[in-house]
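Hydrogens, waters and symmetry mates are skipped; everything else that's a heavy atom, side chains included, is used. Quick note: residue numbers are just sequence positions, from 1. Bear in mind that the values here come from a model prediction, so they are computed numbers and not experimental data.
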Amino acid sequence: MKLAADPATETWLLGLTGADHEFDWDSGNLTKNRKHGVEPRDVEALIGGDFYFAGRIVEPVHSEPRWLALGEDATGRRLSLVFTRRGTRLRGD
């Protein structure tokens, strides 16, 4: 995986609070996340807490831009979050 700095997305992401309305959950990404034992509350806790924004994923190339953040859920479990943006909402993949 190759990453690139993206200060604009980092600023946007740091402005999120982890509130439910800031996320775009649908059955597809919920099912995929649950296969990994990750629930929406885990991602919301990661974004609402301290995390590291690693940058935009530039390789491999995706049809839709993706970014990577690293952090922990409310229990301290370490998570990596690959996400896209849908307008002003985060979609965790």
Chemist: How long is the span from the CG atom in Leu46 to the CG atom in Leu79, to the nearest 0.5 Å?
Modeler: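 Leu46 atom CG to Leu79 atom CG measures 5.5 Å (nearest 0.5 Å).
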Chemist: Within 45° of the six-membered ring axis of Trp12 and under 6.0 Å from that ring's centre, is NZ or CZ of Arg85 located there?
Modeler: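 Pair Arg85/Trp12 counts as cation-pi.
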Chemist: Test Phe83 against Val43 for side-chain contact (heavy atoms from CB on, under 4.5 Å), laying out the working first.
Modeler: CA-CA 10 Å; Phe83 67 94; Val43 176; over 6 Å; no
Chemist: Tell me if a side-chain donor or acceptor on Arg91 pairs with a main-chain N or O of Arg89 at a distance below 3.5 Å.
Modeler: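 Here the side-chain-to-backbone pair does not exist.
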Chemist: Please step through side-chain contact (heavy atoms from CB on, under 4.5 Å) for the pair Leu70 and Phe53, ending with a clear verdict.
Modeler: CA-CA 6 Å; Leu70 307 170; Phe53 176 70; over 6 Å; no
Chemist: Hey, does the side chain of Asp26 reach the backbone of Asn29 with a donor-acceptor pair shorter than 3.5 angstrom?
Modeler: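 Side chain of Asp26 to backbone of Asn29: a pair is present.
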Chemist: When you group the ILVMFWY residues by side-chain heavy-atom contacts below 4.5 Å and let the links chain together, are Leu90 and Ile57 in the same group?
Modeler: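 Different clusters: Ile57 never reaches Leu90 through Ile, Leu, Val, Met, Phe, Trp or Tyr contacts under 4.5 Å.
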Chemist: If you apply the rule side-chain contact (heavy atoms from CB on, under 4.5 Å), what do you find for Leu81 with Leu68, and how did you get there?
Modeler: CA-CA 6 Å; Leu81 173 65; Leu68 174 65; 5.8 Å; no
Chemist: Kindly give the heavy-atom pair with the smallest separation between Phe51 and Ala69, and that separation in Å.
Modeler: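 For Phe51 and Ala69, the tightest heavy-atom pair comes out as CD1-CB, 4.3 Å.
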Chemist: Any sub-3.5 Å donor-acceptor pair from Glu22's side-chain atoms to Thr17's backbone N or O?
Modeler: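 Flag set: sc Glu22 to bb Thr17 pair under 3.5 Å.
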Chemist: In terms of hydrophobic clusters joined by side-chain contacts under 4.5 Å, are Tyr52 and Met1 together?
Modeler: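 As far as the 4.5 Å side-chain criterion goes, Met1 and Tyr52 are connected within one cluster.
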Chemist: Is Glu10 reaching over with its side chain to a backbone N or O of Asp6, donor-acceptor style, under 3.5 angstrom?
Modeler: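 No; zero donor-acceptor contacts below 3.5 Å.
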Chemist: Check for a donor-acceptor pair, side chain of Asp42 on one end and backbone N or O of Glu39 on the other, with a separation under 3.5 Å.
Modeler: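 Pair found, side chain donor or acceptor close to backbone of Glu39.
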